[in-house]
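Structure first, commentary second.
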Amino acid sequence: MIRLKVNGRAIEVDAEPDTPLLWALRDHAGLTGTKYGCGKAPCGACMVHLGGNPTLSCVTPVAMAAGREITTIEGIGQTPVGRPLEQAWVAEEVPQCGYCQSGQIMSAAALLVVNKAPSDADIDAAMSINLCRCGTYQRIRGAIRRAAQALAGARKS
Amino acid sequence: MLPAAHAETRPGWFQPADAAPGDFSPNAFVRVAPDNTVTVIAKHLEMGRGTWTGLPTILADELDADWSQIRVEGAPADARRYRNLLFGGAQGTGGSTATPNSWMQLREAGAAARAMLVAAAAAQWGVPAAEVSVARGTVRHAASQREASFGELADAAAKQPVPERVRLKDRSQFVFIGHAVPRTDAVAKSNGSALFTQDVKLPGMMTAMVIRAPRFGAKVKRFEAGAARKMKRVAEVVAFETPVASGVAVLAEDFWSAKKARDAVTVEWDESRAFKRSTDETMAKYRRLAA
Ligand code: FES
Ligand code: FES
């Protein structure tokens, strides 16, 4: 049994230590919001936060995540940055098929935590790991800008 | 106009949708619940093109529903009710047929539901149906200042006969068709709750990982499961052959167990009838043919 802390909740998974965190979440913890795209690190569909850092869960052994804070798409909406991001994603109607969007939002959230007012270049650099086969990149940019503005407005008021 | 209401000649979609007791479902594509939600049954898959927004647009317009009360649900596998009119008898999505084959069907389905809500209200209020109007999910009789929601009328509407003919809107009356409405799948696809095929988990379901032939037409000669069968959570290692493929499948309780076991299997291939031409040879042949 490996003890994990996922979205603020302590859970135990009966997985081998070399199991990628992605499959511990999906198959053992039943959290299917995090997606499997390639399993080899170049697509970003499996992005989660581990100890606050954006992490590709498909290449991270679950044993490495034990005891550390894990945030997934199921929990990011309850964070100060995640909530306006999800709202912006809906307002801009970013998702098409939606398969890549969990990973996109997790990368965007990691960006906004460290950079409150990202430029387009900042956005492109931070999001370059995440592929979208539907090609929603322009709307992703728009949604991140919208969320950054909402966060700026919230700080002022 | 709907075809004549003769039981045997009525198309399959005149059968109601799967519904809970108390729901009003005049046909396979719509269900009005007492809580005032209107569920549109989508017979086509949503793969990112906006189908689950576009299809309900058509029905909701003829129904004069309010967009906020619209829900969408995938149709069950049932070709009798949900066949693609452009695919003969088969139920299926593809070839840009979703909207064109559904267009008249969903308009008629929405208009029929609307007519039955109107008839129910007219009967309840003792007024002529022609004086009853519907807009944005509210049924109204202006002269007597009475109104009711779809949900309130669901029970009574269900007892009305399904109309044989319905009047469809003129294009100038469309409120959703041709106008922007919010996508119905945006929220679920922005918070991780949207269900994809890969997320479906049924009781006792296994994950299969496949070792495929390295060349088209190669077949499994023999395989060595080695340690794979004895690995944790692995159920079976089997060779398979179909008209188009041959390989070895590893079945396990979860993805990673199946993947690790697959990596432990070795396969010997029979390539006697396999396609062996190289890229260079293929290009050379192409040049010869194109010359
Ligand atoms: S699934 Fe992890 S990067 Fe593609
Ligand atoms: S929305 Fe389809 S892959 Fe990004």
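Within every chain, numbering begins at 1; the chains are lettered A, B, ... in the order of the sequence lines, protein sequences first and strands thereafter. The analysis underlying the following values was restricted to heavy atoms, covering all of them including side chains, and did not include hydrogens, waters or symmetry mates.
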Should we count [atom1] of [X] as having more than 12 external heavy atoms under 6.0 Å?
X: B/Q173; atom1: CD; result: yes
X: B/F196; atom1: CZ; result: yes
X: A/K5; atom1: NZ; result: no

Which region of [X], side chain (C-beta onward) or backbone (N, CA, C, O), has a non-hydrogen atom less than 4.5 Å from a non-hydrogen atom of chain A, or is it both or neither?
X: B/R233; value: side chain
X: B/K259; value: neither
X: B/F255; value: both

* How about residues 94-104 of chain A versus chain B: which residues have heavy atoms under 4.5 Å apart? -> A/P95, A/Q96, A/C97, A/G98, A/Y99, A/Q101, A/S102
* To do: Write out, in numerical order, the residues from residues 45-77 of chain A with a heavy atom short of 4.5 Å from a heavy atom in chain B.
  => A/I73, A/E74
* To do: Would you check if B/R183 and A/V90 make a side-chain contact, meaning some heavy-atom pair closer than 4.5 Å?
  => no
* To do: Evaluate the criterion side-chain contact (heavy atoms from CB on, under 4.5 Å) for residue pair A/T32 and B/Q198; output intermediate values, then yes/no.
  => CA-CA 9 Å; A/T32 55; B/Q198 193 182 79; over 6 Å; no
* **A/E93 (side chain) donor-acceptor with B/A186 (main chain) under 3.5 angstrom** => no
* Structure fact -> Hits for side-chain hydrogen bond (donor to acceptor under 3.5 Å, both in side chains) against B/T242, two or more places apart or cross-chain, chain-then-number order -> none
How long is the span from the [atom1] atom in [X] to the [atom2] atom in [Y], to the nearest 0.5 Å?
X: A/Q87; Y: B/S190; atom1: CD; atom2: OG; value: 10.5 Å
X: B/K201; Y: A/D27; atom1: NZ; atom2: CG; value: 5.0 Å
X: A/R83; Y: B/N191; atom1: CZ; atom2: CG; value: 12.0 Å

* Does a salt bridge link B/D254 with A/R26, judged by any charged N lying under 4.0 Å from a carboxylate O? -> no
* Test salt bridge (charged side-chain N to carboxylate O under 4.0 Å, His left out) applied to B/R136 - qualifying residues, sequence neighbours left out -> B/D66
* Structure fact -> Given A/D14, A/L85, A/L22, A/T136, the one with more heavy-atom pairs under 4.5 angstrom with chain B than any other is A/D14
* Structure fact -> The interface call for A/W89 against chain B, heavy-atom contacts under 4.5 Å, is both
